[in-house]
Number of protein chains: 2
Amino acid sequence: MASTIRDVARSAGVSIATVSRAMREPSIVSVETLRRVRAAADELDYTPSQLGRQLAERRHGANGIVFPDLSGPYYGEVVVGYEDVASELGRAVLILATHGRPAAREMITRLAGRCDGLVVLGHTVSDEALLELAERGVPLVTVARPPVAGVDSVAAENHRTAFALATHLADSGARSVVFLGNPDRSPDVTERRAGLFAGAREVGLEVSELRVETMDEQGGAVAAEHLCQQPALPDAIACANDELALGLMTALRERGVVVPRDVLVTGWDDVMAARYAELTTVRQPLRDLGATAARFLDDLIAGRRAEPRIEVLPTELIVRSSSSPRER
Amino acid sequence: MASTIRDVARSAGVSIATVSRAMREPSIVSVETLRRVRAAADELDYTPSQLGRQLAERRHGANGIVFPDLSGPYYGEVVVGYEDVASELGRAVLILATHGRPAAREMITRLAGRCDGLVVLGHTVSDEALLELAERGVPLVTVARPPVAGVDSVAAENHRTAFALATHLADSGARSVVFLGNPDRSPDVTERRAGLFAGAREVGLEVSELRVETMDEQGGAVAAEHLCQQPALPDAIACANDELALGLMTALRERGVVVPRDVLVTGWDDVMAARYAELTTVRQPLRDLGATAARFLDDLIAGRRAEPRIEVLPTELIVRSSSSPRER
DNA sequence: TTGAAAGCGCTAACAT
DNA sequence: ATGTTAGCGCTTTCAA
């Protein structure tokens, strides 16, 4: 059994209040007392119980972060950026992966009971669930999902860069483009789609949409099959993420389609494989997303902020040969 | 202010003990009382304080997982496998990334004070630090590091598959191979190196070693530069991980070296980019590693296990054209 | 500078 | 089936 504050107090011949003071504010205790307490603590191998502390202080000293999944390169980076800042600020980090489970709401509610505040990423729970938490007074920051009234939010720019992507495709000689993705899967996708459509209209690019069930390589392969059954391929295919684009390119090539000669393909995310596949894509400040959320949350918990904040971090179009006219 | 068990008790006209019972074991309370308590709890929007519970039960209901980093595809998958099982078992998950920081030891000690047990991945802290925790009675499971006396351990097989890799290279026509990596970076690497060396000797393959500073694409590029300055390239280069191999291949090609005609290259991990680069590599059961660790830890915490366990999960050689003789 | 004592919100004997 | 009460290990007034 680990020793408690009482053991140390007895052994040092002081009261527990003095031990407490010696541990948290050594300067307000006489040097001699401090010495004795320290000696006793060392001797007994005493570490203050977090549980005792937390209950007395009525704070957890921990934050939660909720995400759909951690496979794939995306959320891992965001979580790292978050963890880095949070642990710098001396707070523990609790994680929760929802995996699209319907029980997500209860899971998050439970999590909320274990920490001082929550960061919620992407497509994990409904806005109502968040609002309920917010009403209960749980400090909340969302990342990569549309702002919820009164809740802090951090996101990566989608619309403008998707607009720029449309322009780039037109400049590369495309006359038509199809957007490949599933807007139901994530709010980000909806914005990318809207940006691409807006850009396409602006530059006179004929634009349409093809929905996929899953936004992974499998989904890309399915889309390739579908597209190849049409009378003609579009000039360009803008995919909602890289995995989709990679799966698509692979499947197209298996069917003898040459990218980018026969069709331009683009992704979104700039995962590592995108470089090796020479895929034009969009890079997001993933770590920054997490780090910013961590700071926002800390401000909320410390009560340093009243007005809800909405921050949109810039993204960057990365042009590679999968959409480059020079190589066609 | 959130309502407490006393508020509910008063409002329902019962004692706090009854409220406690109604919340945790409804069956031992009369239906009428249960109804009244539930009504009061609903009315007051009562959720039992985790902090109060935890202190009274003297358990955190949470486990920690410690890893070097979450960028790259490796640890993220392990953490997901872990989180999945742990949350299934009703335990919260605390994460800690050490980033090779020297303060890792204190960070882990702090973390240990917040949970009922710890999973420690790879190159994060010294064995002594772990032994100290184990002595303090903290349930512990290590993953992907050499077993520490008395501590449960889960790892992926390295030696045998590295041995098989050497055989494969010899079968592909190689007469010499260099192992590229940095054994100081991770215990896994040491084992892969040993396995490769043993296999190479067995099949009469000339084997040597080249150390890199960093085991990422940058490290691979540096190695390429070094190798190209030698009078001749080896027949094969076995890299300690995929990132190294990918960086190496890219840099070699920039220098006009043709893979696999001029030199065979292999990696380790089977990251997504490896498929697109046609890289021969070794696949590890990452999620399983995490899931197994979670179960081991739960057994320890529940006191279901006395003898320390060591589990080694099998890995699989994935042959692609970067080392295939048929394409040479 | 130090100590006594009253919580923090809950669980779990023990008693009824 | 329910209530009383004594903790769990700490922090923090309030006095001395």
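Below, read A as the first sequence line, B as the second, and so on, with proteins coming before strands; counting in each chain starts at 1.
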Which nucleotide in [options] has an atom nearest any side-chain atom of [X]:
| X | options | value |
| --- | --- | --- |
| A:Arg24 | C:dG3, D:dT12, C:dG9 | D:dT12 |
| A:Thr33 | C:dT1, D:dC10, D:dG3 | C:dT1 |
| A:Ser15 | C:dG3, C:dA13, C:dT11 | C:dG3 |
| B:Leu55 | D:dC8, C:dT11, C:dA4 | D:dC8 |
| B:Ser30 | C:dA5, D:dT2, D:dG9 | D:dT2 |
| A:Ala56 | C:dG7, C:dT11, D:dA1 | C:dG7 |
| B:Val29 | C:dC10, D:dT2, D:dT11 | D:dT2 |
| A:Arg21 | D:dT13, C:dT11, C:dC14 | D:dT13 |

Pairwise 5' ranking along DNA chain C for A:Leu34 and B:Ala17, keeping only the more 5' one: A:Leu34

Between [atom2] on [N] and [atom1] on [X], what's the gap in Å once rounded to a whole number?
| X | N | atom1 | atom2 | value |
| --- | --- | --- | --- | --- |
| A:Arg10 | D:dG9 | CZ | C1' | 13 Å |
| A:Arg36 | C:dT1 | CZ | C1' | 13 Å |
| B:Leu44 | C:dG9 | CG | P | 14 Å |
| B:Ile5 | D:dT5 | CD1 | P | 16 Å |
| A:Gln54 | D:dC10 | CD | C1' | 11 Å |
| A:Asp7 | D:dC8 | CG | P | 10 Å |
| B:Met23 | C:dG9 | CE | P | 15 Å |
| A:Arg114 | C:dG9 | CZ | P | 17 Å |

Most 5' of B:Ile16 and A:Ser3 on DNA chain D, judged by nearest nucleotide: B:Ile16

Are OP1 or OP2 of [N] and a side-chain N or O of [X] less than 4.0 angstrom apart?
| X | N | value |
| --- | --- | --- |
| A:Ser20 | D:dC10 | no |
| B:Arg6 | C:dG9 | no |
| B:Arg58 | D:dC8 | no |

Is any side-chain heavy atom of [X] less than 4.5 Å from a side-chain heavy atom of [Y]?
| X | Y | value |
| --- | --- | --- |
| A:Leu55 | A:Leu51 | no |
| B:His99 | A:Ser87 | no |
| B:Gln50 | A:Gln54 | no |

Sidechain N-carboxylate O distance under 4.0 Å for B:Arg24, B:Glu57: yes

A:Thr190 side chain vs A:Pro183 backbone, donor-acceptor pair below 3.5 Å: yes

Exceeds 12 heavy-atom contacts within 6.0 angstrom, atom CZ of A:Arg110: no

